[in-house]
Structures are given as C-alpha cells and as structure tokens.
Amino acid sequence: MDRRIMITKRRLTNSLLDLMKKKSIYEITVLELCKEANINRTTFYKYYTDINDLVKKTEEDLLEELKSNINDIKRNYLLTYTNKTIEIISNNKEIYTRLLGENGDHLFLRRILNNVKEQSIEEWQKLLKKASSEDLNNIYNFIVDGTIGIIENWIKNNCKQDPASLGIFINKICMSGLSSFI
C-alpha cells in the first residue's frame with residue numbers, strides 16, 4: 001500500500017479514536033471526522049463508505065492480528081486466547097479501549113472471543129464426557145459472556161489490574177465451572 005494512503009487511513013482512524021473519547025461511534029458523522037482529521041470528505045469516501053465501514057475495517061485488521069495468535073495455541077483454546085487477547089489489549093490500550101469501551105462497538109469483543117469457538121468446543125468434546133453438544137455450546141456462551149463482563153469492567157477501570165492476574169482470575173472461574181462436566 002502506498003505510504004500516503006497508509007498515513008491518511010491512520011489519520012482517519014486516530015481522529016475517530018479521538019472523537020470516541022467524547023461520543024459514541026454511532027453519533028460521529030463523516031463531516032465531523034474529516035474535519036477532525038483535516039481530510040477532505042472525497043478522500044474519506046475513496047477508502048470508506050461511511051463511519052461504520054471505517055470501524056469495521058479497523059476491527060477486521062485487529063481481528064487478523066489476534067487470529068494469528070490462534071496458530072500458536074495447542075490446548076485450552078479459549079482460556080489461552082483470552083489471556084493473549086487481554087495482553088494485546090493492554091499493549092495497545094489506546095485503540096482497544098476506545099473500540100471496546102462505552103462509546104465503541106459492543107459486539108467487537110464477542111467477535112474476538114468467538115474466533116476460537118470451534119476449536120474450544122472440539123477440545124471440550126474430548127475432555128468433558130458428561131456434556132452434550134448443547135451443553136458445550138451453552139458452556140462456551142456462558143464463559144464468553146462472563147469474560148466479556150470482566151474485560152469490559154477492566155477496560156472501564158482503565159486496565160489497572162495486571163493483565164496476567166486478570167487472565168488467571170478468568171481461568172480459575174472457567175476451570176471450576178468446567179470441572180463439573182468431567
């Protein structure tokens with residue numbers, strides 16, 4: 001990609017993140033974003049159809065980065081991936097806290113955690129002999145919903161808790177719940 005295009009897209013993304021400090025992504029207009037980025041609206045429309053398209057493409061780039069970590073996981077997919085996700089959020093606080101915070105996309109974290117759904121359920125089928133397919137799906141959804149609540153609260157508190165400690169806490173809760181199906 002041309003360097004100028006990368007710089008323009010980065011300016012738009014950074015301006016979006018700045019505006020999200022004050023308002024929801026659903027309230028931000030293209031005109032407002034372009035003014036903040038000091039970019040012509042025609043230039044914006046050269047790359048994106050609307051604000052949602054910019055958010056979607058930004059999230060897709062971040063999801064691709066997170067998906068690359070799945071290849072390194074050999075077991076405990078959801079728990080290991082959650083720990084890695086928390087670490088990445090902590091290391092890239094600016095963008096993730098905006099996109100996952102109160103003014104961001106509330107479904108983005110769910111999409112992140114659903115990256116390992118199939119692998120996790122496949123692994124659990126081998127380990128959790130007492131669990132039916134429906135049980136496994138419900139377990140996954142329950143763990144993901146709880147994890148989302150914990151991570152959202154962590155972000156709301158400015159990611160103060162150590163990422164490793166947060167990951168250990170989530171793992172303890174998950175493992176104690178899963179153990180009843182062994």
Side-chain angles (χ1 to χ4, degrees), residues 1 9-10 12-21 23-28 30 33 47-125 133-159 161 163-164 166-171 173-174 177-178:
M1 185 185 303
K9 288 183 171 187
R10 190 174 308 123
L12 286 166
T13 301
N14 290 337
S15 294
L16 176 70
L17 296 173
D18 286 343
L19 288 169
M20 287 174 66
K21 290 177 186 176
K23 56 172 46 176
S24 166
I25 54 173
Y26 308 109
E27 299 171 326
I28 298 170
V30 171
L33 177 65
Y47 307 113
Y48 307 105
T49 56
D50 55 21
I51 297 293
N52 289 334
D53 188 40
L54 168 59
V55 171
K56 179 181 168 202
K57 287 179 179 170
T58 301
E59 289 177 351
E60 284 172 1
D61 290 344
L62 295 170
L63 280 170
E64 284 305 311
E65 178 187 343
L66 286 164
K67 282 180 184 177
S68 69
N69 291 298
I70 296 172
N71 299 330
D72 300 334
I73 300 172
K74 303 297 180 232
R75 34 184 325 265
N76 294 328
Y77 283 91
L78 180 59
L79 304 179
T80 304
Y81 184 66
T82 298
N83 289 342
K84 189 66 178 170
T85 299
I86 292 167
E87 179 186 319
I88 289 171
I89 290 169
S90 179
N91 292 338
N92 300 283
K93 245 167 84 164
E94 180 69 25
I95 192 162
Y96 279 101
T97 55
R98 294 286 182 277
L99 289 173
L100 297 172
E102 73 178 73
N103 288 332
D105 178 0
H106 300 287
L107 297 176
F108 183 42
L109 188 52
R110 180 171 304 283
R111 286 197 308 275
I112 289 171
L113 295 176
N114 277 336
N115 275 332
V116 292
K117 184 172 186 172
E118 287 177 31
Q119 297 96 322
S120 297
I121 289 179
E122 227 174 81
E123 181 182 30
W124 293 347
Q125 282 175 325
S133 294
E134 188 177 335
D135 289 340
L136 294 172
N137 199 40
N138 287 334
I139 291 167
Y140 191 88
N141 290 330
F142 183 81
I143 290 173
V144 165
D145 286 344
T147 300
I148 287 171
I150 292 168
I151 292 174
E152 284 177 345
N153 191 54
W154 177 63
I155 289 170
K156 189 176 178 180
N157 290 311
N158 202 25
C159 306
Q161 185 177 359
L166 185 67
I168 290 168
F169 176 77
I170 291 170
N171 286 342
I173 291 172
C174 295
L178 290 173

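Residue numbers start at 1 and run along the sequence shown.
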Measure the [atom1]-[atom2] distance between [X] and [Y] for me, rounded to the nearest 0.5 Å.
{"X": "Leu12", "Y": "Lys9", "atom1": "CG", "atom2": "NZ", "value": "9.5 Å"}
{"X": "Asp50", "Y": "Leu33", "atom1": "CG", "atom2": "CG", "value": "11.0 Å"}
{"X": "Leu54", "Y": "Tyr47", "atom1": "CG", "atom2": "OH", "value": "13.0 Å"}
{"X": "Tyr96", "Y": "Leu66", "atom1": "OH", "atom2": "CG", "value": "4.0 Å"}
{"X": "Thr58", "Y": "Leu63", "atom1": "OG1", "atom2": "CG", "value": "11.0 Å"}
{"X": "Ile89", "Y": "Leu109", "atom1": "CD1", "atom2": "CG", "value": "6.0 Å"}

Student check: side-chain heavy atoms of [X] and [Y] closer than 4.5 Å:
{"X": "Asn141", "Y": "Lys117", "answer": "yes"}
{"X": "Asp105", "Y": "Arg111", "answer": "yes"}
{"X": "Glu123", "Y": "Asn76", "answer": "yes"}

- Stepwise, does the side-chain contact (heavy atoms from CB on, under 4.5 Å) test hold for Leu78 with Cys174? CA-CA 10 Å; Leu78 180 59; Cys174 295; 5.8 Å; no
- Message: If you apply the rule side-chain contact (heavy atoms from CB on, under 4.5 Å), what do you find for Leu62 with Ile88, and how did you get there?
- Response: CA-CA 10 Å; Leu62 295 170; Ile88 289 171; over 6 Å; no
- Trp124 and Tyr140 aromatic ring geometry - parallel, tilted or perpendicular at 30°/60° bounds: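 Tilted: the ring planes of Tyr140 and Trp124 meet at 30° to 60°.
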Looking at every heavy atom in both [X] and [Y], which two are closest together, and how far apart are they?
{"X": "Ile86", "Y": "Ile151", "result": "CG1-CD1, 4.0 Å"}
{"X": "Gly104", "Y": "Tyr26", "result": "O-CE1, 4.0 Å"}
{"X": "Gln125", "Y": "Ser133", "result": "NE2-OG, 4.1 Å"}

- Query: How far apart are the C-alpha atoms of Lys56 and Glu59, what are their side-chain angles, what is the distance that settles it, and do they pass the salt bridge (charged side-chain N to carboxylate O under 4.0 Å, His left out) test?
  - Reply: CA-CA 5 Å; Lys56 179 181 168 202; Glu59 289 177 351; over 6 Å; no
- Step-by-step salt bridge (charged side-chain N to carboxylate O under 4.0 Å, His left out) determination, Asp53 to Lys57: CA-CA 6 Å; Asp53 188 40; Lys57 287 179 179 170; 3.3 Å; yes
- Within the distance-only criterion (no hydrogens, no angle test), does the side chain of Asn103 pair as donor or acceptor with the backbone N or O of Met20 below 3.5 angstrom?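 Side chain of Asn103 to backbone of Met20: a pair is present.
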- Task: Kindly determine whether Glu152 and Lys156 satisfy salt bridge (charged side-chain N to carboxylate O under 4.0 Å, His left out), including the steps that lead there.
- Result: CA-CA 6 Å; Glu152 284 177 345; Lys156 189 176 178 180; over 6 Å; no
